[in-house]
Amino acid sequence: MITTPVLVFVLSLIIAILSAAVIGLAAGTGVEASRANDAESRLAALSASGGSPTTVTVTAPTSTPTGFSDVDKGCSTNSAGVTGSTYTSQFFNRPTYRIYCNSDAPNSPLSSLFVGNFDDCIDACASYSFYIPMDFSSNTTSGNATCAGVSYIPAWTNRTFALAGDAPGNCYLKPGPQNQTALNNPNIGGSAVHAAILDTS
C-alpha cells in the first residue's frame, strides 16, 4: 500500500516533469514565432523599398573541354599531355596508377561511388584494394577482389546529371586484369570518360 507522503512525492514529480515540458515547448514556440516575424518584417521591408525577390537560375555545368579540367587532372584540355602520366596515391601503401584520357577501363565494376575529382576516384581504388582483403580475410575470394583500375566520368560529378542518367556514381572501381591494350573507347552518352590503371611496372 502506498503511503500518503510517497504518493504526494510521486505526484509532485510528475507535475514537475510536465511543467518543464510545457515550459520548453512554450520557449521553442516563442523562438520559432520570433523567427517567422523577423522573416515577415524583412519581406515587408524589401517590398516597401520597391525591391523584389531575386530569382536564381541554376545552369548545368558546361560540357566544353575546359569545363572539367579542374576535376579530371587536365584530361579535358590536354589529353595528349596527361595520357601516360602517373598518379601516386598518398594513402594505402602509396600505389601508382597510369592515367589514360578518353579511355574506359574494362570489366564490370566492383563498386561505384560519387567523388569530387579524378584523384579521389583513384584514391578510392587504392583504399578498396587495401581494406577489402584485410576486412574480409576469411572470404577465400577476397584476395582476388582488388581494384586494378578506375573509370571516371567528370560530367557526372554533378549528381543531378548522374541521377538523370540513372548513374550510380561518377567513379567506377574496376577489377583486374588491366592493361593499356585492354582499354575501351568510351561510349557513355557523349560524356567524357577517363581511366587510370594500376602501374605494375
Side-chain angles (χ1 to χ4, degrees), residues 55-92 95-136 139 141-142 144-200:
T55 301
V56 176
T57 303
V58 177
T59 57
T62 177
S63 60
T64 60
T66 58
F68 298 111
S69 64
D70 56 339
V71 297
D72 70 2
K73 300 191 74 51
C75 277
S76 58
T77 55
N78 183 17
S79 62
V82 175
T83 293
S85 65
T86 59
Y87 171 80
T88 301
S89 176
Q90 298 304 302
F91 310 102
F92 317 112
T96 298
Y97 295 82
R98 193 158 301 278
I99 309 298
Y100 297 96
C101 300
N102 302 310
S103 296
D104 185 19
N107 301 331
S108 296
L110 296 164
S111 182
S112 63
L113 59 152
F114 285 100
V115 295
N117 57 51
F118 201 3
D119 290 353
D120 292 345
C121 186
I122 298 168
D123 286 339
C125 183
S127 171
Y128 189 96
S129 293
F130 183 80
Y131 284 110
I132 292 297
M134 185 174 20
D135 290 345
F136 299 101
N139 182 342
T141 62
S142 68
N144 297 326
T146 57
C147 180
V150 301
S151 291
Y152 174 69
I153 304 166
W156 291 350
T157 301
N158 180 316
R159 289 177 54 174
T160 302
F161 291 126
L163 293 173
D166 292 326
N170 63 346
C171 173
Y172 295 83
L173 308 183
K174 305 283 187 87
Q178 296 287 339
N179 60 58
Q180 182 180 1
T181 58
L183 294 173
N184 301 314
N185 289 326
N187 184 12
I188 314 290
S191 295
V193 180
H194 310 302
I197 60 175
L198 188 60
D199 188 9
T200 56

**Student:** Please report the closest heavy-atom contact between Thr83 and Cys101, naming both atoms and the distance.
**Tutor:**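 Nearest heavy atoms, Thr83 then Cys101: OG1-N, 3.1 Å.
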**Student:** Could you pull out all donor-acceptor pairs under 3.5 Å where a side-chain atom in residues 109-122 meets a protein atom, sequence neighbours excluded?
**Tutor:**
residue: Asn117; atom: OD1; partner: Asp119; partner atom: N; Å: 3.1
residue: Asn117; atom: OD1; partner: Asp120; partner atom: N; Å: 2.8
residue: Asp119; atom: OD1; partner: Lys73; partner atom: NZ; Å: 2.8

**Student:** Kindly compute the distance separating CG (Asn184) from CG (Asn102), expressed to the nearest 0.5 Å.
**Tutor:**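 With rounding to 0.5 Å, CG (Asn184) is 13.5 Å from CG (Asn102).
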**Student:** Backbone N or O of Pro175 within a donor-acceptor pair of the Asn107 side chain at under 3.5 Å?
**Tutor:**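 Checking the backbone N and O of Pro175 against the side chain of Asn107, a donor-acceptor pair under 3.5 Å is found.
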**Student:** Using 0.5 Å steps for rounding, measure from the OH atom of Tyr97 to the CG atom of Leu198.
**Tutor:**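 Between atom OH of Tyr97 and atom CG of Leu198 there are 5.0 Å.
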**Student:** Identify, with sequence neighbours excluded, every residue that meets side chain to side chain contact (heavy atoms under 4.5 Å, CB included) alongside Ala167.
**Tutor:**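 Once residues adjacent in sequence are excluded, the partners of Ala167 under the side chain to side chain contact (heavy atoms under 4.5 Å, CB included) criterion are Trp156, Ala162, Tyr172.
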**Student:** Who passes side chain to side chain contact (heavy atoms under 4.5 Å, CB included) against Ala182, sequence neighbours left out?
**Tutor:**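 With neighbours one apart ignored, the set is Pro106, Asn179.
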**Student:** Please collect all salt bridge (charged side-chain N to carboxylate O under 4.0 Å, His left out) contacts where either partner lies in residues 106-115, sequence neighbours excluded, each pair once.
**Tutor:**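 Output for this query is empty, none listed.
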**Student:** Starting at CD1 of Ile197, measure out to OH of Tyr100 and round the result to the nearest 0.5 Å.
**Tutor:**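 Rounded to the nearest 0.5 Å, the CD1-OH separation comes to 4.5 Å.
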**Student:** Could you tell me whether a side-chain N or O of Asp72 sits under 3.5 Å from a main-chain N or O of Gly74, the two making a donor and an acceptor?
**Tutor:**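 Indeed, once roles are kept as given, a pair shorter than 3.5 Å links the two residues.
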**Student:** For a quick test of reading the model, state the closest non-hydrogen atom pair linking Cys125 to Val150 and the distance between them.
**Tutor:**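 Taking every non-hydrogen atom into account, CB-CG1, 3.5 Å.
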**Student:** About how many Å separate OG of Ser103 and CG of Asn185, when rounded to the nearest 0.5 Å?
**Tutor:**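 It comes to 7.0 Å.
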**Student:** Could you list the residues that satisfy side-chain hydrogen bond (donor to acceptor under 3.5 Å, both in side chains) with Ser89, not counting sequence neighbours?
**Tutor:**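 Partners of Ser89 by the side-chain hydrogen bond (donor to acceptor under 3.5 Å, both in side chains) criterion, ordered by chain and then number, come out as Asp123.
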**Student:** Might you point out which heavy atoms bring Cys147 and Ser129 nearest each other, and give the distance in Å?
**Tutor:**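 Answer, listing the atom of Cys147 first, then Ser129: N-OG, 2.7 Å.
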**Student:** Taking ring pair (Phe, Tyr, Trp, His ring centres under 6.0 Å) as the definition, give me every residue that meets it alongside Phe92, ordered by chain and number, with sequence neighbours left out.
**Tutor:**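 For Phe92, the residues satisfying ring pair (Phe, Tyr, Trp, His ring centres under 6.0 Å) (neighbours in sequence not counted) are Phe130, Tyr131.
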**Student:** Return the NE2 to CG distance between His194 and Asp104, rounded to the nearest 0.5 Å.
**Tutor:**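 Atom-to-atom, His194:NE2 and Asp104:CG are 11.0 Å apart.
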**Student:** What are the two closest heavy atoms between Gln178 and Gly149, and how far apart are they?
**Tutor:**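 Heavy atoms only, the tightest pair is CG-N, 4.2 Å.
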**Student:** Any donor and acceptor pair, going by atom type alone, linking the side chain of Thr157 with main-chain N or O of Pro154 inside 3.5 Å?
**Tutor:**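 Yes, the answer is positive, given that a donor and an acceptor are paired below the 3.5 Å cut-off.
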**Student:** Look up atom OG in Ser151 and atom CG in Asn170, then write down how far apart they are to the nearest 0.5 Å.
**Tutor:**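 Between atom OG of Ser151 and atom CG of Asn170 there are 11.5 Å.
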